[in-house]
Structures are given as C-alpha cells and as structure tokens.
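Taking it in order: structure first as structure tokens, then the write-up.
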2 protein chains.
Amino acid sequence: MATIRDVAKLAGVSVATVSRVLNKNGYVNKDTEQKVAKAIEQLNYEPNAVARGLAGKQTGTIALILPDIANPFFPGIARGVEDVAQKHGFTVILCNSDDQGHKEKSYIEMLRKKYVDGIIFASNTLGQDDVEQMNKNNIPLVVLDRAPTSQSCSVIRSRNYKGAKLAVQHLLDIGCKKIAHLYGPQELITAKKRMLGYEESVLHFPWYTPSLMVPGHFKMDGGLAAVKELFAKHPDVDGIFCGNDLMAVGALKGLHQLGVRVPDDVALIGFDGISLTEITQPELSTIAQPNYDMGSLAAKVLIETIESGVKEAKLYELDVELIVRDSTKR
Amino acid sequence: MATIRDVAKLAGVSVATVSRVLNKNGYVNKDTEQKVAKAIEQLNYEPNAVARGLAGKQTGTIALILPDIANPFFPGIARGVEDVAQKHGFTVILCNSDDQGHKEKSYIEMLRKKYVDGIIFASNTLGQDDVEQMNKNNIPLVVLDRAPTSQSCSVIRSRNYKGAKLAVQHLLDIGCKKIAHLYGPQELITAKKRMLGYEESVLHFPWYTPSLMVPGHFKMDGGLAAVKELFAKHPDVDGIFCGNDLMAVGALKGLHQLGVRVPDDVALIGFDGISLTEITQPELSTIAQPNYDMGSLAAKVLIETIESGVKEAKLYELDVELIVRDSTKR
DNA sequence: ATGAAAGCGCTAACAC
DNA sequence: GTGTTAGCGCTTTCAT
C-alpha cells in the first residue's frame, strides 16, 4: 500500500501538502492540489486510518453498548445507529453487556484504549461513576432510556408515561371495566414510568386495587406466569396493559391456556412496537416506540457532539404511537 | 494517560523491556519484570491500542458484515460472534450491507483502512472478486452459508439439504398426502439446497408436480402471497414445507385468512428456528439451525486464523434439528 | 537479559 | 502557499 510519502514524492510536494488536500484544511494552490489528486489517483492511495487515529486521536469509531442484541427490542436501534454512523463515515462497535456492570466496565476500558470517539448506551447498568469516568476521559456519550443526570451527557428516550396513559385510555374507550397491568423491573425508568402512567389513569376508579399490578420482568415467561397469577386473584379482569410487548406475547399465551378469549373476554395491549406483535394471533395492539429513530437520533447527536467538540446535555423525548390491532378490537 | 515511556522511566528500564513484559515475549529477568509490573500498577498504565495497531498491524478488531441486523435471523449470529470475540479480547464492528454489492465493497474498503484483523461475511452478495481482493490484502475471512470456493476462506453452514429432507419426511410421517414447498431466492445456496431436499423427497410420488413449489422470497409477505397462489391451484394440499420461518409465519397468516385450519387441514413446517416460531398460534414446527453456534464458530475459526497466521479453507457443516410443535401435531 | 533507535503512517506546529 | 520536523505510543531489529 502506498503511503502519504509516496504520494508526496510522486506529486513533487511535501507530505504536509498532501495532508492538507486530504483533510481539506489550510491553504493549498489549485494547481498543486490537482497534482496531488493525480498522484493519489495513480497510486490508488488510501489514507491509513490507524495512523490517523494515533496522530489525531480520532478514529471515526463509535460504540454501541446494549444488553443483548438478541433481544428483539435492540436490533432496530442498532440498525438506526449504524445507518447514520455509516452515512457520516463512522464505524460501529457492538457490545453486549447483559446488563452486567463488570462487563460494561471492561468494555469501556477496552473502548477507551481503542480511542473510540464516543459511546451510545442502551444498557441499564451504567453507573453514575462510569459517566463521570467517561466525562473525565472526555469521551462523549449518549444514553438511551435513562433519567437525565447532573452529568453532561445527552439522553434519548420516548414518552413512556404518555404512552401508558394512551394505552389505558384506549382500553377504557373500548369499554373495559377492570384493567390490570403487568410491569417490568422497577429499576428501569421505562418500566417505572409506564407503571406510573397506569396507576394515575386508574387510581380513581372504584375497582382499582394495587394487586391488579403484577410483575412480569419484561419477559415472555414472566408475562405468562403473571397472567395466571392475576387471574387467580382477579378472574373478572377484562383488560390488560402490559409494560412491554414481550410480556404481552407471554400473556396472550397464558390467556390462551386459561381458555380466555382475546379480545372478547380480555383486551390486551403491549408497549414497544416490536415486530413480534404482528405475528401473534390475534395481532397485538401496542404503543409503538420509534425504535429505529431512537437509534438514529442517538447516533446523530453523538456524532454532532464528536465533530463539534461541544458537549451539551440535552434531553430528547420521542413520541409514541398507539397502534390498534385485533387484540383490542371489539 | 501514562505511556510506555513513563513506565520505563519509573521502573528504571528501557521501553523495549516494558514492551517485552507487556507482550510476554523475549527474555526478561524475573526481578526487572517485577519492577516493571509495579510501575505499571502504580501509574495505572494501559497500553494504547491504536499505537499498537499502527506498530504491529494488528488491531484486535474483527468485522461482521450481514444484510440487516434487524432481520430476526441475524441477531443470534451476531451475539455468537461477539461473545467469542469478547472472550478473546477482540472487538466487533457491525456492518449492514442490505445485500448490496456496493455497500459491501465500501465497508471492506473502510475496514481495510482500519486494519481490521478479519471479516465474517453473512452477506450474500460477496463476489468472487472481493474474496480475491481480501486474500491479496491478506485479510482473513470466514463466510456463512455459501458454497465453498476455490479461494482460501473457510465456510460455515448448516445442513440445509438434510434439514429439508427431515422436514418433508416429518410431514409424510404425520400422514400428509400432498406436500407443497415455499422457496426462497434461488441465488442463495441455502434456499436452493432446501428446495433440492424437498424435490428429491417427493419426486417419486404420483401427486408431485412442479407447481407445488411456489416462490415466497424468504419473506413474510411472500409466504402469505405464496400460500394463496398455492391454494388457488392446489386446494387439496395438506402439508407445506416452508424454506424459512419468516415465510412460514406469513403462510400461517394466509391460511388463517383462507379459513384453513393448521394443523388439522394443513400441516406447516418452517426452517431456521428463529424465536418467532414460538410465538404464533399454533406454534410452528421448524428445522432449527444452530444460529448462535454458527456465529460463535465463525468467530472461533476466524480468530484462530488470525492468531496462527495459517489460512486454511475448511468447510464446517453444522447439524440441524427437527423441532415438532403444534403446527404439525395431529 | 537489556537498551538504542528506527520505524509504523499520519497530523500539525512552525518556519519560510 | 508550501516544506521541515517533531511528535502520536508502540514494536522490533540489532547491538551489547
């Protein structure tokens, strides 16, 4: 492979000049620029990204840390991130943290050593100390689905509270008389907000009681188990708002096993808008999050931060959308 | 951040010695090793990966190029790749090619500039010329689901032909009297082999006719459309082997719309073993590929090649498994 | 067993 | 406008 020196020699100029035309900075005569361009062309020269990285401390690489790419919630985000990264000439490193703090820390360590230009966190175990650490190391980060902190980092999330209210209102609208909620891990802000939205929507109804809220851990199995637990206590429930789609799918399975018909006996709605919801029978109503958009926005914000060098700590809230399908059609 | 020079100074040795203990190569006295270790500890020194990459031409990075991480077939593979990469201290760059040759080429270009140590291709548009190009550039690669070529690169795939025969045999075993096949794009070797397996299993039956094979493009919509086309011609079909699960899900939808009961009227089996198949009602029988394992094996083979420097071009065929669920239970 | 020094390929002061 | 040169932080001969 040709180096910048080869180009300089062939063009009869110095490496500095070549570097200038490469990076389009500094003054350079039109004519010499032409000569350099020709030399580059002739030698089929490609700048070496690693050398660039070492010299300039910028590698054109960002990392995406998420719990598990195999969880259907994340591929859409990943795709969004990668698309805009790619468009801006950045490359994306994928990291699966399994929501384990130590894995996350070791990734961060490794990424720092590799001079990644920035990190997107879609993981839930990122500690306050980690954020500080990154800030100290001056590496920009954007986090997904977390509360804004005092630290300087931008947050992207969707309107979970509003979405929950939308979901419950929809169930009320179609005539539900007793609505339950399957909720996720309360250390996740998303799960919390959704539960809050539910609670505040139903608190004033005479039928409301806290035992209408059952934990389902954001998982399919959890949803299945939860629905059984729920019906043992409240066989008269006629509407369920699930904190995420995975639990809704599990709930659907559970209801099926119990011989409860959806939507006739019980109307069911989830949250997230993953593609699984279009596959069940009946198809599931859901509150769709702009999954892909969250990823692409995160990348956009991060890359802007990287390229401008200005660290701002904004909060971006994306809108959610009620998608009505057969599971709530009466 | 401390550099190797700082460590050398503090330990009272030369940078060469520090480098030796870092890389555990060359001779170094036990005592000096201790001193160096202590200095490293004290300074909290971490070697700079970029500088290492520039000096040594090895970056500890591999790339995974696949059509689309949002396609449910790939996250499992990606997870498998990342897990073993991580275990070996490698980092994974994710690339979505959308099966477009030009995107793939531009990724390769970029990856080469970044000194990635190797590439895993799960993409279908990789040309023979690209492989040669990589070989010339001496960058190891492992490909998934492709025919072995004359070029030196290893291939990982699962037994598609055998899986197809397994599927058809299963349909025969449960008493199907007329079996159809929805097939995928014939430029994909996986689609081809599966069709071949079907054909050779049913060719000798009097009921067999080529119009029992209908294209479904490996997509959900395609499966849905295909099943309608199929039933227009062959309303007496009582078993369908779908070339992949996505089409099977679509087919299930289509059959539902046609008022055909599964499995009572028509038994349905897919191929791939993606998680969607556990979500439908009824759950879908399928031929499961060891998705995760294909990814982890690919990474293992690639990293071995990288670390040993020995390029072998082996073919690894992984076994598939018949998973019987309600869609073929009679 | 250890050190000096020449790169790896590029960027960016600084000088002209 | 262009060239010289000193890094970036590490690896790796080649001496000793």
Side-chain angles (χ1 to χ4, degrees), chain A residues 1-37 39-40 43-61 89 110 112-117 137-138 307 309, chain B residues 1-37 39-40 43-61 89 110 112-117 137-138 307 309:
Chain A
M1 279 292 87
T3 76
I4 196 174
R5 239 183 294 274
D6 300 330
V7 176
K9 198 177 301 173
L10 181 58
V13 300
S14 77
V15 294
T17 301
V18 178
S19 177
R20 282 189 196 100
V21 342
L22 246 36
N23 301 297
K24 311 192 192 309
N25 60 15
Y27 300 93
V28 39
N29 187 310
K30 273 281 171 226
D31 282 358
T32 47
E33 182 171 343
Q34 287 304 319
K35 278 194 298 184
V36 171
I40 289 179
L43 293 172
N44 221 295
Y45 167 76
E46 297 281 0
N48 177 319
V50 179
R52 268 191 163 161
L54 181 57
K57 310 256 171 266
Q58 295 246 329
T59 54
T61 306
M110 157 136 286
R112 204 171 45 73
K113 287 195 242 177
K114 291 204 173 176
Y115 282 175
V116 296
D117 298 336
N137 280 292
N138 208 38
E307 297 191 329
Chain B
M1 278 291 88
T3 76
I4 197 174
R5 240 183 293 276
D6 300 329
V7 175
K9 199 176 300 174
L10 181 58
V13 300
S14 76
V15 294
T17 301
V18 178
S19 176
R20 284 188 195 102
V21 341
L22 245 36
N23 301 295
K24 309 189 194 310
N25 60 15
Y27 300 94
V28 42
N29 188 309
K30 273 279 171 228
D31 282 358
T32 46
E33 181 171 344
Q34 288 302 321
K35 279 194 297 187
V36 171
I40 289 178
L43 293 172
N44 223 296
Y45 167 75
E46 298 279 2
N48 176 318
V50 179
R52 267 191 163 162
L54 181 57
K57 311 252 170 267
Q58 297 247 326
T59 54
T61 306
M110 157 134 286
R112 202 169 48 72
K113 286 195 242 175
K114 291 206 175 177
Y115 282 177
V116 296
D117 298 336
N137 280 292
N138 208 38
E307 297 193 328

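Looking at which nucleotide of DNA chain C each of B/T17 and B/L54 is closest to, the 5′-most match is held by B/T17. Nearest-nucleotide positions on DNA chain C place B/V28 closer to the 5' end than the other of A/G56 and B/V28. For A/R5 and A/K30, each mapped to the nucleotide of DNA chain D holding its nearest heavy atom, the one lying further toward the 5' end belongs to A/K30.
In this structure, B/L22 places its CG atom 8 Å from P of D/dC10, rounding to the nearest Å. As a whole-Å value, the separation of B/K9 NZ from D/dC10 C1' is 16 Å. Atom NZ in B/K35 sits roughly 10 Å away from atom C1' in C/dT2 (whole-Å rounding). Regarding B/D6, its CG atom lies at a distance of 9 Å from the P atom of D/dC10, rounded to whole Å. B/M1 places its CE atom 13 Å from the C1' atom of D/dG9, with the value rounded to the nearest Å. Computed from coordinates, the A/I4 CD1 to C/dG7 P distance equals 18 Å when rounded to whole Å. Atom-to-atom, CG of B/N48 to C1' of D/dC10 comes out at 8 Å; the value is rounded to the nearest Å. If you measure from atom CD of A/Q58 to atom C1' of C/dT11, you get 12 Å, rounded to the nearest angstrom.
When each of D/dT12, D/dT2, D/dG3 is scored by its nearest atom to the side-chain atoms of A/T32, the top-ranked nucleotide is D/dT2. Nearest nucleotide to the side chain of A/A51, out of C/dT2, C/dG9, D/dT12: C/dG9. Of the listed nucleotides (C/dA4, C/dA1, C/dC8), C/dA4 has the atom at the smallest distance from the side chain of B/A16. Here D/dG1 is the nucleotide among D/dG1, C/dT2, C/dT11 with the atom lying nearest to any side-chain atom of A/Y27. Across C/dC8, C/dT2, C/dC10, the shortest atom-to-atom separation from the side chain of A/A55 is found for C/dC10.
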Subject >> A/K57 vs A/N138, side-chain contact (heavy atoms from CB on, under 4.5 Å): CA-CA, chis, key distance, verdict >> reply: CA-CA 12 Å; A/K57 310 256 171 266; A/N138 208 38; over 6 Å; no
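Side-chain nitrogen and oxygen atoms of A/S14 include at least one within less than 4.0 Å of the OP1 or OP2 phosphate oxygen of D/dG3. Phosphate contact (OP1/OP2 of D/dT11, side-chain N/O of B/R52, threshold under 4.0 Å): present. Contact annotation: A/K57 does not reach the phosphate of C/dC10 (side-chain N/O to OP1 or OP2, under 4.0 Å). Side-chain nitrogen and oxygen atoms of B/Y45 include at least one within less than 4.0 Å of the OP1 or OP2 phosphate oxygen of D/dC10. Residue A/S19 places at least one side-chain N or O under 4.0 Å from the OP1 or OP2 atom of C/dT11. Side-chain nitrogen and oxygen atoms of A/N23 include at least one within less than 4.0 Å of the OP1 or OP2 phosphate oxygen of C/dT11.
Judged by distance alone, the side chain of A/K114 and the main-chain N or O of A/T59 form no donor-acceptor pair under 3.5 Å. With hydrogens and angles ignored, the 3.5 Å screen pairs a side-chain donor or acceptor of B/N29 with a backbone N or O of B/D31.
Dense packing is recorded around NZ of B/K113, with more than 12 heavy atoms of other residues, nucleotides or ligands lying under 6.0 Å away.
Between A/A11 and A/V36, the shortest heavy-atom distance links the atoms CB-CA, 4.0 Å. Shortest non-hydrogen contact noted between A/A8 and A/S14 is CB-C, 3.7 Å.
At the heavy-atom level, B/V50 lies nowhere under 4.0 Å from the strands shown.
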